[in-house]
Protein chains: 2
Amino acid sequence: MTLSRIILGFLALRSMTGYDLMRAFATSAAYFWHADKAQIYRTLGRLVEEGFACTEVVPGTNAPDRIVHHVTGRGRDALRAWLVAPPTQQAPRDPFIARMFFAGELNDDELFALIDARVADATAERDALLAIRTKTVRPTPGGDRSGWLRSMTLDQGIREHDENLEWLAAVRAGLGAEQRS
Amino acid sequence: MTLSRIILGFLALRSMTGYDLMRAFATSAAYFWHADKAQIYRTLGRLVEEGFACTEVVPGTNAPDRIVHHVTGRGRDALRAWLVAPPTQQAPRDPFIARMFFAGELNDDELFALIDARVADATAERDALLAIRTKTVRPTPGGDRSGWLRSMTLDQGIREHDENLEWLAAVRAGLGAEQRS
DNA sequence: ATCCGCATGTAAGTGGTTACATGATTCG
DNA sequence: CGAATCATGTAACCACTTACATGCGGAT
């Protein structure tokens, strides 16, 4: 459901091919949703079946044909209905916290290795998001509202990583204190 | 994968039935992993097939039989292997942020309704976690390490909700400012 | 009487991942 | 000459959700 509506959302911004959507997910949506290409092509097919999108074959000049997808009126209605629907509870799934929960029997070296790997990942992701933020102009809520909301979601991604890194540091400090005692 | 290892983790703490595991997920694991009962029974079956768990039928006295699952030695090995494996990158999937990203065309009332609903959910979840934290004794990293790690993961859940609520307030404030201007 | 908790599962559908498969162009 | 990028997809599998199905015992 969410994936199909995100795709409709992108198509409402501009018509795209499956490949364009892959890049849109890899760049602009990377911090709140991941989508595989097999999934994207499958879902595009379903959106066309449902009448929420239609296709236009653009013959490739010295390149493969591009199958450009456009949102239909009914597609825009479905997108809007999803946007305003009461949010359902989110099912958390955090594999790293899951490990920490059961990691009591690991020795210090193993725990430090886990934490350091996670710190490296989180730092890299946060820095990538920071790079995007410094590169783009910050819209104001009164002016370009869509742009402002998108920049707020980017902020949220950065904040979440920062919060995470602080917590990882606290866990590391707790283990360090134990070692010295 | 992660689900099966979390189940092994719980079974390593004490032997349980599928029903016991449902409650374990609903209470102690709720803030980092959600699991459906259909999934739990299916995964238990697979763990037995793989030789990571075995079953003991305890006839019910005035109650249905209980099928108690125990971890095997190979099960403990598999759990440990999962704990120390290098963490793979986490695929983010946040349906609320996804909506916000595309919510530029909604009017103020619709946006406020979305945000308020999310604030209510996040507050309720955070308060539930806080209640658990105040009810339990806080272990020290040097003493009960398993307990300390578990309490740290609980902290992480609370922090994440707090961070989220701050962000939601900032979005609300931004929209409010726009309204007044 | 009816609902809630205990305790077990199955069936069907949707969502997500991995591997397979093809072929042209462009850059180093 | 080889690797990367553009561009399309399929097949098989695994993970997750929802609805269906049963039956006892205790509480309101």
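In the text below, chain A, chain B and the rest are named by the order of the sequence lines, each starting its count at 1. Fair warning: this is a prediction, and the values are worked out from it, not measured in the lab.
- Between A:Tyr41 and D:dG9 there is no side-chain N or O to OP1 or OP2 distance below 4.0 Å.
- The two residues A:Gly147 and A:Asp144 have their closest heavy-atom pair at N-OD1, 3.0 Å.
- Picking from D:dA7, D:dG9, C:dT8 the nucleotide with the shortest atom distance to the side chain of B:Ile67 gives C:dT8.
- Side chains of A:His69 and A:Thr55: a donor-acceptor N/O pair is absent below 3.5 angstrom, by distance only.
- Taking for each of A:Met1 and A:Lys37 the nucleotide of DNA chain C with the nearest heavy atom, the 5'-most of the two is the partner of A:Met1.
- B:Val171 and A:Trp148 get closest at one heavy-atom pair: O-CH2, 3.4 Å.
- With D:dC16, C:dA7, D:dA11 as the choices, the nucleotide that has an atom nearest any side-chain atom of A:Ala38 turns out to be D:dA11.
- To the nearest 0.5 Å, atom CZ of residue B:Phe96 and atom CZ of residue A:Phe32 are 12.5 Å apart.
- The CG-C1' distance, from B:Asp36 to D:dC16, rounds to 7 Å in whole Å.
- What separates CG of A:Leu3 from P of D:dC16 is a distance of 17 Å, to the nearest Å.
- In this structure, B:Ile40 places its CD1 atom 12 Å from C1' of D:dC16, rounding to the nearest Å.
- Residue side chain A:Arg42 reaches the base of C:dT17 through a donor-acceptor N/O pair under 3.5 Å, judged by distance alone.
- Under 4.0 angstrom from either OP1 or OP2 of C:dG16 there lies at least one side-chain N or O belonging to B:Arg93.
- The structure places CD of B:Gln156 at 11.0 Å from CE of A:Met100, a figure rounded to the nearest 0.5 Å.
- Atom CG of A:Leu47 and atom P of C:dT14 are 14 Å apart (whole Å).
- End-to-end axis angle for the helix from C:dA1-D:dT28 to C:dG28-D:dC1, using five pairs per end and rounding to 10°, comes out at 40°.
- Spacing between atom CG of B:Asp65 and atom C1' of D:dT22 amounts to 14 Å, rounded to whole angstrom units.
- In this structure, the NE2 atom of B:His34 is 10 Å from the P atom of D:dC16, given to the nearest Å.
- One finds no salt bridge joining B:Arg42 and B:Asp36 here, because no Lys/Arg side-chain nitrogen approaches an Asp/Glu carboxylate oxygen to under 4.0 Å.
- The interatomic distance linking B:Tyr19 (OH) with C:dG5 (P) rounds to 7 Å, in whole Å.
- Ion pairing of B:Asp155 with B:Arg138 is present here, as a side-chain N (NZ or NE/NH1/NH2) and a carboxylate O approach within less than 4.0 Å.
- Nucleic acid contact for B:Thr17: sugar-phosphate only, since backbone atoms but no base atoms lie under 4.0 Å from a heavy atom of the residue.
- Taking atom CD on A:Gln89 and atom P on D:dT17, their separation rounds to 12 Å, with Å as the unit.
- A residue-by-residue look at B:Arg66 and B:Ala91 shows that B:Arg66 has its nearest nucleotide of DNA chain C further toward the 5' end.
- The local environment of CD in A:Glu105 is sparse, with at most 12 non-hydrogen atoms from other residues, nucleotides or ligands closer than 6.0 Å.
- Within the 4.0 angstrom heavy-atom criterion, no nucleotide atom of any strand lies near B:Ala35.
- At the phosphate of D:dC16, OP1 or OP2 sits under 4.0 Å from a side-chain N or O atom of B:Gln39.
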